[in-house]
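All figures in this text were calculated on a predicted structure; none of them were measured in a lab.
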Amino acid sequence: MSSSDDDRPLARTHKANGITNAFTLGHPPKSKDIISESVDKAMDKANPPAAHGAPGISIRNGPVDEMDIDGPVVNSKVNGKRKARSSMGNGKSYKEASEGDDDEANPLSKRRRVSKGKNKAEVDSDSDDAPLVSKKLKTKPPTLVRKPVKASETAIGESEDSDAPLGEKLAKKKADIQKSAAKEAKAIRKDEKEHPKTKANGTASSKKRKSQINGVKKEESDDDGPLAKKAPAKKKANLKTEASPKKKGKTSKVETKEDEEAEAEEEEYRWWEDPTKGDGTKKWTTLEHAGVVFPPEYQTLPSNVQMLYEGKPVRMAPGAEEIAGFFGSMLNSTHNIENPTFQKNFFDDFTKMLKETGGATDRNGNKVNIKEFSKCDFQPIFNYYDAQRTEKKALPAAEKKRLKAEKDAAEAPYMYCMWDNRKQKVGNFRVEPPGLFRGRGDHPKTGRVKKRVDPEQITINIGKEGKVPAPPEGHRWKEIKHDQEGTWLAMWQENINAAYKYVMLAANSDVKGQSDFKKFEKARELKKHIDHIRKDYNAELKDKVMANRQRATAVYLIDQFALRAGNEKGEDEADTVGCCSLKFEHVTLKPPNKVIFDFLGKDSIRFYDEVEVDDQVFKNLKLFKKSPKSDGDEIFDRLTTSALNKHLSNYMNGLTAKVFRTYNASFTMSKLLQDMKSTGSIAEKIVDYNEANRKVAILCNHKRTVAAGHESQMEKLGDRIKGLKYQKWRIKQMMLDIDPKIKKKKEKEEGDDYFRLDEELEEIWIHEHQNFLVEEERQKIEKKFNKENEKLQADGGKEMKHKELEERLEEADRLAKKYKKENKTGKVEAEGKGPTVEKCEGNLVKLDQRINTMLFQAKDKENNKEVALGTSKINYIDPRLTVVFSKKFDVPIEKFFSKTLREKFDWAIKSVDEDWEF
DNA sequence: CACAGTGACTCCGGAGAATTTTA
DNA sequence: CTAAAATTCTCCGGAGTCACTGT
């Protein structure tokens, strides 16, 4: 797929703000810090928890030991986010039972969800907030004594009463609410921050970075000329404290003579592994670009195109009309349009704008108060836009081409930039146009108006010596930066989530290629540590410290099932999860060791899998779901993604949860390709490759919605297969017609049902099929007739008479008659000239082949209907594996990589021979 | 490595355009 | 051979990951 597609360097978004937090209504129950042996044992014996709630185990307050078995199940808590949103009312409180156990104690306990909004003081005293939350909840104020973390944690045998106080959590909730309101405001204020990077801070951790910075600085001062970069760059490499693998240091002659690619240079310069690039903090030395392209201004609708309110047309100011237009133009997207949240958010923003712009009026100029969404009819607007689309589509090809050329010419300057004097393609230089926010899943903000971005909101990042692109007439940029540590050319914040949007280079650029290369090298490096890591986590599955045990279990899941890390999410985002954020209800345990995952992951794509896990993992999950925990509570309540990643980084520099996905995907692909037999045609090899690709996609849970016409397509395919089978039957009958004696012989050789009609071919179907064949024949004849006539006419001759056509059509009638007769007699006369049994058998073989390929096609299609192969191919499977396969089995790389993909993976295509291994 | 914020970069599936295959 | 259907390719922009800062 495409280059840009994948990582689209485009604007990225990120939620900057986070503001949000949940309103937690109660304290979610937490696991104990320390797990006593008795607990473990109990887990062993305990009855299998039923699917969801485990029956009787609950945690009480007592010392660990006792806690394990039974006890009243308390119910629990609630947790923030989702509950607050979806079921606000019921937040239940965490009951006393749970309270006892915790005390919070250590800071260690991760209170991940504590309110973000509040400051810690508030957190501590949860009692304070309680009122806000709900009276009931607050029964017990946990004493929050912060104990020395370490102590409790390390103490294995210690009793744990340590369960943390859940109190803190709730604190945050309310803050969020306010927050969201303030969000927009916040976006605005963001401007003032400067970037942190430059500040000198004394943190120890930043040491490394500092040194790099120094190096950078040096460079800056040194080189001014383009050519100068070389030397300094080298220097920098030395300065690096990082482990940066000095691949081959060669590249020395990095002459980057950009311009035309000097072949010679390319040969030598393996830019993707240039240690002076990418690995450091400094990403470029010189950078020039033309900035961004703004979307066209809003064009008001013709005066006769108006939204109807209660059936009557209304007029409004352009600002409001534009918003109505956003909605009206997407009337065919029922998926969004019918979503209540989408409607509400849209309508709120729409009416707000109406209010700000003077409202709407009817044809007499009287005010019309638009207050009910259901009374709005956007159809006229939709019709207008739709007509425009159709019109545009109907334009003559030449005209379309001209328009496109015009647009391309206008955008040409923005398409490329000069990055360290090499011409590089820019990924997305178009500022996102305004419209309605299409948040996926049940995003609380879906449907809100995404505002037009002004130049005043855009920050440009460019080389000091680069010419700053001119902002639109009468405007200015928000800021001009020269941040060499960033790879972006322009950036702004969007108004919905205050997320950052960046303009970056295209996927086929050097920087992106380098980081892609590095990503896969990192995954390959994991190979060297994976055994060790697995051994460790297997051992830690029994760790006495809850946090460690949870961590080990999480790593197990991430490694085995390719789960994503699972960061905590805010209140104003769709409620989706990953490993660390799995909730009680997402995991169902079926003894002895079966686990069923069912949750919404990234992009609200459902992850459903029934797997068998290691016994200890099963036991742990049971433990993590124990007692007061219930729906809404986190399974890994003692684990955060940062703690997890921190732990992983101990094994290997740069190792994080996501690396496991890359590693497992590539490793799996590598194994599959290795074991593939090299036989078959190119087409067969491609099918084999795709099969492997599909397995990886399934591993990564890359899904797509089943195409609209899938069902009917499958049916059609089935019909074609049946048609072939019917033809087979007819041919066999012909054989009998030719030589009746053959019957016994064939039945003996091939089975008694050799001449029998496949029961799949019902009589009614056959009749339909025959009609279809006859009709098909008829159309063929007509078409041919018409064509010939046209030709005759063109040549100046005279057309054939209609009678001629009728005569020709008799052929079809004869066919129909033939079928009729066959139906009646049950016999089929041999067709063709000089029919022989041998010829028939030859035909049968051919038919069988066609049937087989079609059956295979059908199966393939069915298997693939909800699997998206692209994502794994673009992001997870080391492209070098594909290149190796291509070379080894002599299949052109074009069969696997489209043009843009070949550009994106240029580094891979150039870098390996067929012996390379992942 | 607690935790709330920031910031920046990768990854994802759908929409629509471009191509190819089919009827 | 052409129009339509199916498939493939690109583009788009929303959704995650993860590092780092400041307390």
Side-chain angles (χ1 to χ4, degrees), chain A residues 1-19 21 106-120 123 146 149 172 190 193 195-197 199 201 203 205-206 209 333 335 393 427-428 430 432-433 435 437-441 443 446 450 485-488 491 493-494 496-502 504 512 515-516 519 564-569 573-574 576 578 601-605 640-643 645-647 649 654 656-658 661-662 700 702-705 707 709 713 716 776 779-780 783 787 868 870-872 874-876 898-901:
Chain A
M1 319 232 175
S2 69
S3 57
S4 43
D5 39 342
D6 57 340
D7 1 350
R8 253 114 267 158
L10 312 181
R12 177 92 268 72
T13 197
H14 211 208
K15 43 223 20 329
N17 85 327
I19 313 199
N21 309 309
N106 37 359
L108 254 215
S109 53
K110 26 245 13 260
R111 243 17 322 162
R112 321 152 126 214
R113 317 182 157 162
V114 176
S115 71
K116 316 181 158 190
K118 335 197 109 222
N119 51 28
K120 37 170 91 159
V123 174
R146 282 197 143 117
V149 182
K172 60 212 307 35
K190 270 174 180 168
K193 4 241 10 168
H195 51 300
K197 307 196 160 180
K199 341 181 140 180
N201 38 12
T203 342
S205 68
S206 63
R209 173 175 234 208
S333 174
H335 153 62
K393 216 158 149 191
N428 104 314
R430 271 178 276 265
E432 293 177 12
F437 178 71
R438 278 139 119 122
R440 321 226 251 261
H443 194 118
T446 194
K450 187 167 95 173
E485 298 180 6
T487 66
W488 50 277
M491 173 268 275
Q493 262 181 308
E494 144 269 328
I496 307 286
N497 301 301
Y500 295 87
K501 298 288 195 165
Y502 297 89
M504 294 187 201
K512 294 294 184 184
S515 71
D516 213 26
K519 172 181 75 182
R564 292 191 183 79
N567 283 315
E568 213 51 46
K569 295 191 69 183
E573 298 176 273
T576 61
K602 181 176 179 180
D603 288 326
S604 291
I605 298 296
T640 62
T641 53
S642 66
N645 284 334
K646 176 77 181 177
H647 172 69
S649 71
T656 62
K658 79 190 277 282
R661 261 168 89 79
T662 309
C700 296
H702 291 145
K703 294 187 183 168
R704 61 172 177 175
T705 58
Q713 284 167 29
K716 217 181 266 181
E776 189 180 48
Q779 288 182 356
K780 220 184 271 177
K783 226 166 194 176
K787 188 151 289 173
T871 309
S872 52
I874 295 169
N875 303 300
Y876 290 103
S898 67
K899 177 164 162 290
T900 54
L901 221 42

5' precedence on DNA chain B between A:R440 and A:H335 (nearest-nucleotide basis):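 Between the two, 5'-proximity favours A:R440.
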Residue whose closest nucleotide on DNA chain B lies nearer the 5' end, A:T487 versus A:R438: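 The 5'-side residue here is A:T487.
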Kindly say whether [Y] contributes a backbone atom to a donor-acceptor pair with the side chain of [X] at under 3.5 angstrom?
| X | Y | value |
| --- | --- | --- |
| A:D603 | A:I605 | no |
| A:S515 | A:K512 | yes |
| A:R438 | A:T446 | no |

When you get a sec, tell me which of [options] is the closest nucleotide to the side chain of [X]?
| X | options | value |
| --- | --- | --- |
| A:D603 | B:dC12, C:dC18, C:dT10 | B:dC12 |
| A:K899 | B:dC1, B:dC9, C:dT10 | C:dT10 |
| A:Y876 | C:dC18, B:dG13, B:dC11 | B:dC11 |
| A:M504 | B:dC1, B:dC9, B:dC12 | B:dC9 |
| A:H702 | B:dG13, C:dA5, C:dG16 | B:dG13 |
| A:M491 | B:dA8, B:dC11, C:dT17 | B:dA8 |
| A:K569 | B:dG13, C:dG16, C:dC9 | C:dG16 |

All side-chain hydrogen bond (donor to acceptor under 3.5 Å, both in side chains) counterparts of A:K519, not counting sequence neighbours: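 side-chain hydrogen bond (donor to acceptor under 3.5 Å, both in side chains) check on A:K519 returns A:D516.
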Please check the phosphate of [N] (OP1 and OP2 only) for any side-chain N or O of [X] closer than 4.0 Å.
| X | N | result |
| --- | --- | --- |
| A:K501 | B:dA8 | no |
| A:T871 | B:dG13 | yes |
| A:R661 | B:dC12 | yes |
| A:N567 | C:dT17 | yes |
| A:T656 | C:dA19 | no |
| A:K519 | B:dC11 | yes |
| A:T900 | C:dC9 | no |
| A:T640 | B:dC3 | no |
| A:Y502 | C:dG13 | no |

Heavy atoms only, 4.0 Å cut-off, all strands: where does [X] land among base, sugar-phosphate and nothing?
| X | answer |
| --- | --- |
| A:S642 | nothing |
| A:S333 | nothing |
| A:K450 | sugar-phosphate |
| A:A707 | nothing |
| A:K658 | sugar-phosphate |
| A:N645 | sugar-phosphate |
| A:R564 | sugar-phosphate |

Residue whose nearest DNA chain C nucleotide is more 5′ - A:R430 or A:G654: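 The residue whose closest nucleotide sits nearer the 5' end is A:R430.
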Toward the 5' end of DNA chain C, by each residue's nearest nucleotide, A:S604 or A:Q713: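 Per heavy-atom nearest nucleotide, the more 5' residue is A:Q713.
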Roughly how many Å is it from [atom1] in [X] to [atom2] in [N], rounded to a whole number?
| X | N | atom1 | atom2 | value |
| --- | --- | --- | --- | --- |
| A:K393 | C:dA4 | NZ | P | 11 Å |
| A:K602 | B:dG13 | NZ | P | 8 Å |
| A:K512 | B:dA8 | NZ | P | 12 Å |
| A:N875 | C:dG16 | CG | P | 16 Å |
| A:E485 | B:dC9 | CD | C1' | 14 Å |
| A:Q493 | B:dG5 | CD | P | 14 Å |
| A:K646 | C:dC20 | NZ | C1' | 12 Å |
| A:E494 | B:dA8 | CD | C1' | 15 Å |

Closest approach of A:N497 to A:F437 (non-hydrogen atoms, all atoms of both residues):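 In terms of heavy atoms, the two residues are closest at ND2-CZ, 3.6 Å.
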Test salt bridge (charged side-chain N to carboxylate O under 4.0 Å, His left out) applied to A:E432 and A:K501, step by step: CA-CA 9 Å; A:E432 293 177 12; A:K501 298 288 195 165; 3.2 Å; yes
Sequence-distant partners of A:K658, salt bridge (charged side-chain N to carboxylate O under 4.0 Å, His left out), two or more places apart: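 Result, salt bridge (charged side-chain N to carboxylate O under 4.0 Å, His left out) vs A:K658: none returned.
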Distance-only polar pair, side chains of A:T576 and A:K602, donor-acceptor under 3.5 Å: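 No pair is found: no donor N or O on one side chain lies under 3.5 Å from an acceptor on the other.
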